[in-house]
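Reading through the structure tokens given below for one structure.
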Amino acid sequence: MMHQSLVSLPIIFRVMGCLLVVLCTAAAIQAEEAAAEKITYDQHVAPIFRQHCGTCHNGNDKKGDLVLDNYNLAIQGGAAGEVIRTDGDAENSQLYRVVAHLAEPVMPPNQPKIPDEQIAVIKKWIEQGSLQTSSSKAKLKKQVSISRVEVSSARPANAPAMPEKLQLEPVTVSTLAGAVTALAANPWAPLVAVSGHKQVLVYHSTDLDLLTALPFPEGVPQILKFSRNGELLLAGGGRGGHSGRVVVWNIRTGERLAEIGDEYDSVLAADISADNAQVALGGPKKVVRVYSIETGEMLYEKKKHTDWITAIEFSPDGVLLATGDRSNGLIVWEGFTGREFHVLTGHTAAISDVSWSPDANLLASGSEDGTIRLWEMQNGSQVRSTGAHGGGVTAIEFLRDARMVSAGRDRVSKMWDPGGGLMRQFAGHNDITTEVAFDGDFERLFVGDLLGVVNVFAAGDGALIGSISTNPPPLATRKGALAEQLAAANNGVAAQQGAVAQIEAGIAMRQQALEAANAEVTRLEGLVAAAKGDVTTKEAELVQRQTELQLATQGLEQAKTELSRREADAAIVAQQLATQVATHAELVQKLAGIDASVAEVSSALAAAPDNADLVAKKAALVAEQSSTASLVQGAADELAKLKEASRLAEEGLAAAKQVVAAAVQAAENGQKQVDGAVQGVETAKQVLKQHEEGYAAAVATQQGAATAAVVTPEIMAQLAAAKDQLSKLTTWAETLTRRLARISQ
């Protein structure tokens, strides 16, 4: 949206090419005369302006929206505000500074400075209070500690404004709470302000604790607005048919900074501009009035409405001002000048509230016709109409993220997305909802009703969090109630801590059982593995022993075979020896017979040497004797051999018997070792079986422990619920402690 009235002051003066054309040296008023008399607009200054500035800055042309040929419009200033001060401070009056070439852009542009005499007249006129006529009285500005601020939608750099040790006791305590006629939330601090009887109650939007009560003796507040930087709180109200006023407080100190207007009826609608420079108000008198917050002077008034003014709001950029009335009149004005910008038609019943989108391009209006309508500011056309609340809309508010909340006569409040879709409904009121406000963090919605109750809802799920009242009890009563609540909260925290500890202990115990079972399984896994290794070793040893036994048995058999062979050989040798002995004996006996026969023949031959028969017989006997002797000798030799062979055979047999005996012993030892190895294998297998059975039992135990140790969704849900409840109770106890400490200071 383009706002032609949003032009910086230097730019305005650049387009003021004809503001001060070459001024004639023949001045209408001489400086000497001016010094001796009261300088007025009508008599002294207007001729200068009309003669030299009227071409460009008159009621028709209005260069830079500045008119200098009309006193009121000249004092009002241009699109960027005042250029002529009325407080006597000529040195800081922009018109004087540019004419005197003390500030840029100098006037007239691209031309020499106007004569010093005429500059002196203008300066003297401003120093005397910028009077219109000689009978006028100077209206010097009130000294108000509210300074104009830069228009910005960003979070302020300084800490959010919070009340500092203000009045905690309500101004009044009534028998019954009054209807919620006004409600506002601070855009940056956790503060919400609500109307009360002759007071404005400021609560902590998180703790819901009363932080301060600001006296409003003017009557009942009908409208509450925080400034857009959160530092100021505006209240408008009064007494119906009697009086009305707007009050502005410093929210930190509670100081009344300004009192605006002096109405003859209650103020029903009001707002403070984004730069904290203007206050607009309206009510049953059907007139919109805009005041300077610095001076308290009215800047302009608008009488176009035909019924009570019910809604007023400046746009976030401070350029436009929207006003609505009881007869569906809806008008948008230029905030600085009051010039009509758009007349918006469409509603069929009273306008109850208006609110601007964060970018100031859309205006939302709520009406008793039940609709919320959106209007774009380019050409003032309606872009959306939503049937929002049966019976009528009572309040609407744009949020900084372009969402919107509303309240209505249907006793519910609603949240709308930026596209106009319904996001959530908030129910729970027993009467018509009258006011709605969202906290600065968009977490809580505050909704007031005719019964004087302000319910607080969670924005996320619509849950009812609590409530605040337009009629809080005395401080002592609040302290007592908080102390009781704190004791109950602490008891709840202790009980919930026990519940959480019990659930966590159960989880920990089952986890410890699982860890022990896991350790036992791991231990038995090691034992089973060792036992299996031992069985393998024992079985390998058994095989080795069996092999050794087999070799020993084979050796025994070989030894026995060798023994049998040697026994057979020895028997043969013995037989041969016996035969040879007999043969030798026979030969010896035969030789002895032959020897005897030889001897006998020799004797006979001796007796008869010539006995040829004896000689022949002796020769035959000698030959036989020789042959037999040879045989005897041969038999003796053979016998000697056989005896040696017999000896050797006996020795071999003895050795074979020893080998057999050793082989038998080795076989017996091998059998014993095999038997031992078999027993070792059986023992190792028994140990393995025992460990495997233990392992199986441990695995079963582990599985059971694992099953028992599983934190099921149900247990997690129980624990989460218990912890959530503990967190809530702890937070609540901390909140109560903080609140009790706060009000006990």
Exercise. Within the distance-only criterion (no hydrogens, no angle test), does the side chain of S357 pair as donor or acceptor with the backbone N or O of L362 below 3.5 angstrom?
Worked result: yes
Exercise. Would you call K479-E484 a salt bridge at under 4.0 Å N-O?
Worked result: no
Exercise. Short question: side chain of S467, backbone of V453 - any donor-acceptor pair under 3.5 Å?
Worked result: no
For this session: Kindly say whether D439 contributes a backbone atom to a donor-acceptor pair with the side chain of S205 at under 3.5 angstrom?
Result: no
Exercise. Is the Lys NZ or Arg CZ of R403 less than 6.0 Å from the centre of F442's six-membered ring, within 45° of the axis?
Worked result: yes
Exercise. Within a radius of less than 6.0 Å around CZ of R738, do more than 12 heavy atoms belonging to other residues, nucleotides or ligands occur?
Worked result: yes
Problem set entry | E169 CD: over 12 foreign heavy atoms closer than 6.0 Å | yes
Exercise. Which of these passes side chain to side chain contact (heavy atoms under 4.5 Å, CB included) with S413: N455, V447, D449?
Worked result: V447
For this session: Using the ring of W188 (Phe, Tyr or Trp, six-membered ring only), decide whether R400 places NZ or CZ under 6.0 Å from its centre and within 45 degrees of its axis.
Result: yes
Exercise. Side chains of L176 and N471: does their closest heavy-atom pair fall under 4.5 Å?
Worked result: no
Seminar exercise, completed: Separation between CD (E435) and CD (E397), nearest 0.5 Å, reads 10.0 Å
For this session: Working to the nearest 0.5 Å, report the span between CD1 of I272 and CD1 of I312.
Result: 13.5 Å
Problem set entry | Atom CG of D461: over 12 foreign heavy atoms under 6.0 Å | yes
For this session: List the steps, then state whether side chain to side chain donor-acceptor pair (under 3.5 Å) holds for D275 with S273.
Result: CA-CA 5 Å; D275 60 358; S273 62; 2.6 Å; yes
Exercise. Would you say the side-chain atoms of D353 pair up with the backbone N or O of G366, donor to acceptor, closer than 3.5 Å?
Worked result: no
Exercise. Counting distance only, does the side-chain N/O of T477 pair as donor-acceptor with the main-chain N or O of P473 below 3.5 Å?
Worked result: no
Exercise. Looking at CG of L688 and NE2 of H691, how far apart are the two atoms once the value is rounded to the nearest 0.5 Å?
Worked result: 8.0 Å
Exercise. With E218, which of R239, K198, R256 fulfils salt bridge (Lys or Arg N to Asp or Glu O under 4.0 Å)?
Worked result: R256
Problem set entry | Stepwise side chain to side chain contact (heavy atoms under 4.5 Å, CB included) test for L464 and V456 | CA-CA 6 Å; L464 180 63; V456 186; 5.6 Å; no
For this session: Look at E150 together with R228 and state whether they make a salt bridge at an N to O cut-off of under 4.0 Å.
Result: no
Exercise. Do L224 and L234 touch side chain to side chain, with heavy atoms closer than 4.5 Å?
Worked result: no
Exercise. Between V521 and A698, what is the shortest heavy-atom contact and its length?
Worked result: CG2-O, 3.4 Å
Exercise. Checking D207 side chain against D209 main chain: does a donor-acceptor pair fall under 3.5 Å?
Worked result: no
Seminar exercise, completed: With P221 as partner, the option from V247, V200, L183, T470 fulfilling side chain to side chain contact (heavy atoms under 4.5 Å, CB included) is V200
Exercise. Looking only at heavy atoms, what is the nearest atom pair of A517 and A705, with distance?
Worked result: CB-CB, 4.1 Å
Exercise. Which distance, rounded to the nearest 0.5 Å, do you find between the OG1 of T253 and the CD1 of I251?
Worked result: 9.0 Å
Exercise. Taking it one step at a time, do Q702 and N518 satisfy side chain to side chain donor-acceptor pair (under 3.5 Å)?
Worked result: CA-CA 6 Å; Q702 179 196 41; N518 289 337; 2.6 Å; yes
Exercise. So, are D271 and K225 salt-bridged, with charged N and O less than 4.0 Å apart?
Worked result: yes
Exercise. Picking from E368, R373, Q382, what satisfies side chain to side chain donor-acceptor pair (under 3.5 Å) with H347?
Worked result: R373
Problem set entry | Beyond-backbone contact of T212 with L168, side-chain heavy atoms, under 4.5 angstrom | no
For this session: Show your working on side chain to side chain contact (heavy atoms under 4.5 Å, CB included) between F314 and Q278 and close with a plain yes or no.
Result: CA-CA 9 Å; F314 282 102; Q278 295 174 293; 3.9 Å; yes
For this session: Kindly indicate, with the supporting measurements, whether the criterion side chain to side chain contact (heavy atoms under 4.5 Å, CB included) is fulfilled by W356 and L321.
Result: CA-CA 10 Å; W356 289 93; L321 174 67; over 6 Å; no
Seminar exercise, completed: All heavy atoms of L374 vs all of A364, minimum pair found to be CD2-CB, 3.4 Å
Problem set entry | N-O pairing of E692 and K689 below 4.0 Å | no
For this session: Decide whether N361 and Q378 meet the rule of one side-chain donor and one side-chain acceptor closer than 3.5 Å.
Result: no
Exercise. Mind checking whether E515 and R510 have side chains closer than 4.5 Å, heavy atoms only?
Worked result: no
Exercise. With no hydrogens and no angle check, do the side chains of T434 and T394 hold a donor and an acceptor under 3.5 Å apart?
Worked result: no
Exercise. Would a distance-only check, ignoring hydrogens and angles, find a side-chain to backbone donor-acceptor pair under 3.5 Å from D441 to E443?
Worked result: no
Problem set entry | Closest heavy-atom pair and its distance - P472, Y203 | CB-OH, 3.6 Å
Problem set entry | Atom pair OG1/OH of T701 and Y695 - distance to nearest 0.5 Å | 12.0 Å
Exercise. Within a strict 4.5 Å, meaning less than it, do heavy atoms of the L726 and V493 side chains meet?
Worked result: yes
Problem set entry | Minimum heavy-atom distance between P474 and P170, given as atom pair plus value | CA-CD, 4.3 Å
Problem set entry | Validation row: F446, L208 side chains within 4.5 angstrom (heavy atoms) | yes
Seminar exercise, completed: Rounded to the nearest 0.5 angstrom, the CH2-CD distance for W732 and Q485 is 5.0 Å
Exercise. Would M404 and I372 satisfy side chain to side chain contact (heavy atoms under 4.5 Å, CB included), going step by step from the backbone distance to the final call?
Worked result: CA-CA 10 Å; M404 192 164 58; I372 295 175; 3.6 Å; yes
Exercise. Heavy atoms, side chains only, cut-off 4.5 Å: are E313 and S355 in contact?
Worked result: yes
Exercise. Is S227 reaching over with its side chain to a backbone N or O of L232, donor-acceptor style, under 3.5 angstrom?
Worked result: yes
Problem set entry | N186 (side chain) donor-acceptor with P190 (main chain) under 3.5 angstrom | no
Problem set entry | Over 12 foreign heavy atoms within 6.0 Å of CE, M423 | yes
Exercise. Got V267 and R245 here, is their nearest side-chain heavy-atom distance under 4.5 Å?
Worked result: no
Seminar exercise, completed: Taking every heavy atom of W249 against every heavy atom of P215, the minimum-distance pair comes out as CZ2-O, 3.3 Å
For this session: Output yes when a side-chain donor or acceptor of T371 lies under 3.5 Å from a complementary backbone atom of G387, and no otherwise.
Result: no
For this session: Assign the ring pair W416 / H389 to parallel, tilted or perpendicular, where the plane angle (0 to 90°) is split at 30° and 60°.
Result: perpendicular
